[in-house]
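What follows is a short report on a single structure.
Every value quoted in this text rests on a predicted model; they were computed, and no experiment measured them. Quick note on labels: first sequence line is chain A, next is B, and so on, each numbered from 1.
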Amino acid sequence: MVPLYYNARSLWARRLSTSLTVLGLGLVVFVFSAVLMLANGIESALASGGDPANAVILRKGATSELVSGVERDAVRILATDRAVASGPDGAPLVAGELVVLVALPRGGGQAMNTTTRGVEPESFTARPEVRLVSGRKPRPGTNEVVLGKALVGSSPDATLGGELRFAQQRWPVVGVFEARAGAFESELWADATRLGGAFSRPAYSSALVRLGSAAAMADFVKRVEEDPRFTLEAKPEPTYWADQASGLATFIRVLGLFVSLVFSVGAVLGAMITMYSQVATRIAELGMLRAVGFRRRSVLASVVVESVMLGAAGGILGALGALTTRWIHVRTLNFQTFSEVTFGFTPTPAILLGAVLFGTVMGLIGGLLPALRAARLSILDALRA
Amino acid sequence: MSLEAVPALPPMVRLEGVSKTYRRGTVEVPVLEAVNLTIDTGAFEAFMGPSGSGKSTLLNLISGLDRPTTGVVEVAGRNLAELNDRELSDWRAAHVGFVFQLYNLIPVLTAAENVELPLLLTPLSRAERRRHVAAALELVGLSHRVGHRPPQMSGGEQQRVAIARAIVTDPDLIIADEPTGDLDRKAAEAVLDLFGVLHRDLHKTLVMVTHDPHAAERAGRVHHLEKGVLQ
Ligand SMILES: Nc1ncnc2c1ncn2[C@@H]1O[C@H](COP(=O)(O)OP(=O)(O)O)[C@@H](O)[C@H]1O
């Protein structure tokens, strides 16, 4: 084997072209890993909501609460199920909820679709992760609303003490809540009955049912499924949110991987040019190595390894660069629920490892042709060079 | 002890009817013609002749860097035509040490690392390699330069590092193509003195191409080449 320090020092000897190549590779790896981190962030933003002991009830076949409908009678029936937990007041922890999209002004004449959830007092009790950070809960039977933390400031009146206007009514903001960075933080919560009235929607969109324990979930799901009195299905809350997230996350992943793939052609070409010129300037050295007995294969491997070093360095650089996006937060439209969501870039060990691997593979591919050329050199021609 | 009791060693190099023709487009250029040559084991022989007379070509055939158009090349008892490309690489690593006119050292490696390169093709351990490298650099008088890189050394020193690299594997045959061609008189003498040591004390077989009559003087026999024909 031609020693690795020979490759490392040869790269170092031509620092400028080496660093430009590594930078190019790093940029592509940066895009690659940032996009995967973004998709991940979306999934955790949307999917971190949810308690395994909570079931979301939707109409059979509905993919989201927006397109679902649950009759008020059905909610009353669900409340009688034996697995349902009771609140402090002894009432079953079941809440009918209505989800509508409300266009809030964003400033500059633009509007922003905001998921607005009509809730009942049990909605709060059943979701301990939803905690007020300021103000108070809305009083049942009033137009008072509370804002998810991520919505504060997103619209001129979206602050504590502000007053929102939609459906020809006024909705004073009396509190702001957080929900462990989950999707609820991008929602507006109002009284279910008042919201239903304002939008002329007599039925609920969904129901939330809290069970005594997560262990009872499987049987409960089955009972709902088989109950002849309604055509509803129950999903554990975390599953419901994960399903919501996967569409957007997959779209971003596919788009991001496609863009990375296109850019990677350029980076691979850059690595290839660099390695071609490394081979060209070191022909006499390679000829000497072949003369003293290194086989073609060793020379080939040596050039490939050198290019892989470039790629791995680019991979590490790109991955480190992508880690800095952790401090960036993005707001965008989830076109599955047509609402705004806020999320960040979430790295995982697998993404970082994949980033370094991606850089390495680009280096490997870029090095193949120059390596073949080096291995095919005639020793005599090379020694004369 | 009588001289007759020493069995005669087979020759190190035997060329029989060797010719080499290069093709330049449609024209065939004969470079060597019907060369017959024997070099004894332990000999120090030089080749002289005008530029283009085929000296380097002959040296490349003997060292297994090139193949003849016709004829037999036998080195260290081996007919080189029997070896394929890969086997020839391994054969060179085991049997031949090279000294080039322009030293052909790797500038990013230290003297010791340059000398160690051929040893990487042997099964020696790292410690054993280090010992061999130290011994070879000691022999060429550069023990104090182990950590220096070629650009920090004079031409004479670089060529001595190259000689250390050529002998570090203890090869049967040392091939030198114009080893003093790029050196001043003093450095050239030092290199030739070293060749004398390799020849007399270490009983190496040396084959050298040179333009330099001073260099040729050191050899036991001088061959003259004229237009591809051995005189
Ligand atoms: N690869 C080659 N292709 C074509 N011609 C060559 C090649 N190598 C050497 N020659 C020719 O062979 C002749 C002898 O070359 P060489 O052995 O290098 O001579 P010397 O070492 O005596 O100067 C020269 O005319 C040279 O141009």
message: Need one label for R296(A): side chain, backbone, both or neither, based on atoms under 4.5 Å from any heavy atom in chain B.
response: side chain
message: Does anything in residues 114-131 of chain B reach chain A? List residues with heavy atoms under 4.5 Å apart, or say none.
response: E116(B), L117(B), L120(B), L121(B)
task: Please indicate whether F263(A) has more than 12 foreign heavy atoms, meaning atoms of other residues, nucleotides or ligands, lying under 6.0 Å from its CZ.
output: no
- request: Examine whether an atom of N60(B) lies under 4.5 Å from a heavy atom of chain A, and if so say whether it belongs to the side chain, the backbone or both; otherwise answer neither.
  value: side chain
message: More than 12 heavy atoms of other residues, nucleotides or ligands under 6.0 Å from CZ of R376(A): yes or no?
response: no
query: Relative to chain B, which of L380(A), I379(A), V2(A) shows the most heavy atom pairs under 4.5 Å?
result: L380(A)
message: Quick check: closest heavy atoms across Y6(A) and I106(B), and the distance to 0.1 Å?
response: CE1-CG2, 3.3 Å
Contact origin within R290(A) toward chain B - heavy atom pairs under 4.5 Å: both
message: If you define the side chain from C-beta out and look only at heavy atoms, does anything of L109(B) sit under 4.5 Å from Y5(A)?
response: yes
- line: When the 4.5 angstrom heavy-atom criterion is applied to A13(A) and chain B, the contacting part is side chain
- prompt: Are more than 12 heavy atoms from other residues, nucleotides or ligands located less than 6.0 Å from atom CZ of F258(A)?
  reply: no
- prompt: Can you tell me if NE2 on H132(B) sees more than 12 non-hydrogen neighbours from other groups inside 6.0 Å?
  reply: no
Gap between atom CZ of R384(A) and atom CD of Q101(B) - 0.5 Å precision: 13.0 Å
query: Residues of residues 64-94 of chain B under 4.5 Å from chain A (heavy atom pairs)?
result: L65(B), D66(B), D85(B), R86(B), S89(B), D90(B), R92(B), A93(B)
- request: Return yes when atom CD of Q152(B) has more than 12 non-hydrogen atoms of other residues, nucleotides or ligands closer than 6.0 Å, and no otherwise.
  value: yes
